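To start, the structure itself, in structure tokens.
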2 protein chains.
Amino acid sequence: MGATKAEEFSVKDNRVARYARALAHPARVAILKLLISRQTCICGDIVDEMPLSQSTVSQHLKELKAAGLIKGDIEGAKVCYCIDEVEWNNAKNYMIDLFSAYKAADGKCC
Amino acid sequence: MGATKAEEFSVKDNRVARYARALAHPARVAILKLLISRQTCICGDIVDEMPLSQSTVSQHLKELKAAGLIKGDIEGAKVCYCIDEVEWNNAKNYMIDLFSAYKAADGKCC
DNA sequence: AAAATTAATCGTAATATTGCGATATAATAA
DNA sequence: TTATTATATCGCAATATTACGATTAATTTT
């Protein structure tokens with residue numbers, strides 16, 4: 001039946017999953033890297049750089065924003081997007097926590 | 001139309017997305033943490049620890065294996081799963097690379 | 001004011017994910 | 001051998017994601 005059952009898992013695990021979900025599409029990874037590489041924030045230039053339609057890019061931006069990783073500021077007719085520093089560092093810490101929790105099992109395994 | 005268009009993006013971005021995808025469900029995060037916490041590898045104990053059916057857990061394991069993050073060793077009727085050290089470290093590096101590419105823009109942004 | 005630009009949203013189609021029960025497969029135990 | 005246990009896979013239903021064109025709403029430009 002239904003898709004999800006997320007409530008059954010810890011808040012932390014859901015948080016990690018949420019951040020990971022945001023990175024789970026190459027277009028979104030590419031967008032984030034674009035935002036990072038251009039110190040100054042961009043807007044619809046993102047669309048030009050992506051091999052996707054305007055509406056599709058807009059949806060990816062929406063998802064990144066929903067995950068908290070980016071924020072957008074309206075500047076007249078344009079919108080300026082950039083990394084949300086606080087959430088970004090938060091996500092970074094969650095990921096690092098997860099990945100560094102594992103210490104190579106000294107031959108105990110498989 | 002279709003879902004995906006992944007070929008349009010770089011191999012690296014696809015790789016990050018693939019790893020992220022594996023972490024994009026709280027059940028899979030929980031499974032990974034379980035495998036990490038029990039030094040010695042587990043098998044169907046995972047099923048007991050998860051609020052999901054055997055078949056669903058099996059599918060999550062399959063996805064984690066497909067992403068390369070874990071590997072399974074058949075031991076008689078049972079299967080012993082554990083973190084795949086090499087791929088794990090690889091994924092870790094990819095994530096750290098992405099997350100540390102961003103240096104707080106000194107007030108230039110939004 | 002009319003036309004053009006920018007970006008979000010709606011509607012829709014194609015596909016993927018999540019989840020479960022039932023079934024299949026293989027190994028161990030009785 | 002038959003029953004039991006352990007996992008994987010199949011088939012199906014519910015939902016979510018990805019993508020696009022068309023439309024909308026809000027600026028700017030002309």
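These figures come from a predicted structure and were not determined experimentally. Here is the naming used below: chain letters follow the sequence lines, and residue numbers restart at 1 for every chain. For the numbers below, each heavy atom of this structure counts, side chains included, while hydrogens, waters and symmetry mates do not.
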B:Leu64 atom CG is separated from C:dT18 atom P, nearest whole Å, by 10 Å

Output for pair (A:Ile46 CD1, A:Leu52 CG), nearest 0.5 Å, gives 12.0 Å

Side-chain atoms of A:His25 come closest, of D:dT7, D:dT18, C:dA8, to D:dT18

Between A:Asp13 and the options B:Lys33, B:Arg28, B:His25, the side-chain hydrogen bond (donor to acceptor under 3.5 Å, both in side chains) test singles out B:Lys33

* Look at the side chain of B:Gln54 and the base of D:dA8, then say whether one donor and one acceptor between them are separated by less than 3.5 Å. => yes

**Prompt:** Under 3.5 Å, is there a donor-acceptor pair between the A:Ser58 and A:Ser55 side chains?
**Reply:** no

> Are any of A:His60's side-chain N or O atoms less than 4.0 Å away from OP1 or OP2 of D:dT17?
Replying inline: no

Just call it for A:Leu52: base, sugar-phosphate, or nothing, with non-hydrogen atoms closer than 4.0 Å on any strand.
sugar-phosphate

Here the distance between atom P of D:dT15 and atom CD of B:Gln59, to the nearest Å, is 17 Å

Separation of D:dT28 atom C1' from A:Glu75 atom CD, nearest Å, is 14 Å

Closest of D:dT27, D:dA8, C:dT17 to the A:Arg21 side chain is C:dT17

Winner on side-chain proximity to A:Lys78, out of D:dA19, C:dA7, C:dC20, is C:dA7

Taken to the nearest whole Å, CG/A:Leu61 to C1'/D:dA19 is 14 Å

When A:Asp45 and A:Ala6 are each assigned the nearest nucleotide of DNA chain C, the 5'-most assignment goes to A:Asp45

A:Lys5 NZ to C:dG21 P, in whole Å, measures 8 Å

Value for CG (B:Leu69) from CG (B:Leu23), rounded to nearest 0.5 Å, stands at 6.0 Å

Rounded to whole Å, the NZ-P distance (A:Lys71 to C:dA8) equals 16 Å

From CZ of B:Arg28 across to C1' of C:dA16 the rounded distance in Å is 12 Å

note: B:Lys65, atom NZ; D:dT9, atom C1'; distance rounded to Å ~ 12 Å

Regarding the side chain of A:Ser53, the nearest nucleotide among D:dG21, D:dT17, C:dG19 is D:dG21

Side-chain contact check for A:Cys43: nearest option of C:dT18, C:dA7, D:dT7 is C:dA7

Ranking C:dC20, D:dT17, C:dA8 by distance to the side chain of B:Thr56, first place goes to C:dC20

| What about A:Ser55: does its side chain form a donor-acceptor pair under 3.5 Å with the base of D:dG21? | yes

query = So does A:Tyr81 get a side-chain nitrogen or oxygen closer than 4.0 Å to the phosphate oxygens (OP1/OP2) of C:dA8?
reply = yes

- Task: Determine, using the 4.5 Å side-chain heavy-atom cutoff (strictly less than), whether A:Val16 and A:Ile96 are members of one ILVMFWY cluster.
- Result: no

Taking for B:Pro51 and for A:Ser58 the nucleotide of DNA chain C with the nearest heavy atom, the one nearer the 5' end belongs to A:Ser58

Can you tell whether the side chains of B:Arg38 and B:Glu49 come within less than 4.0 Å, N to carboxylate O? yes

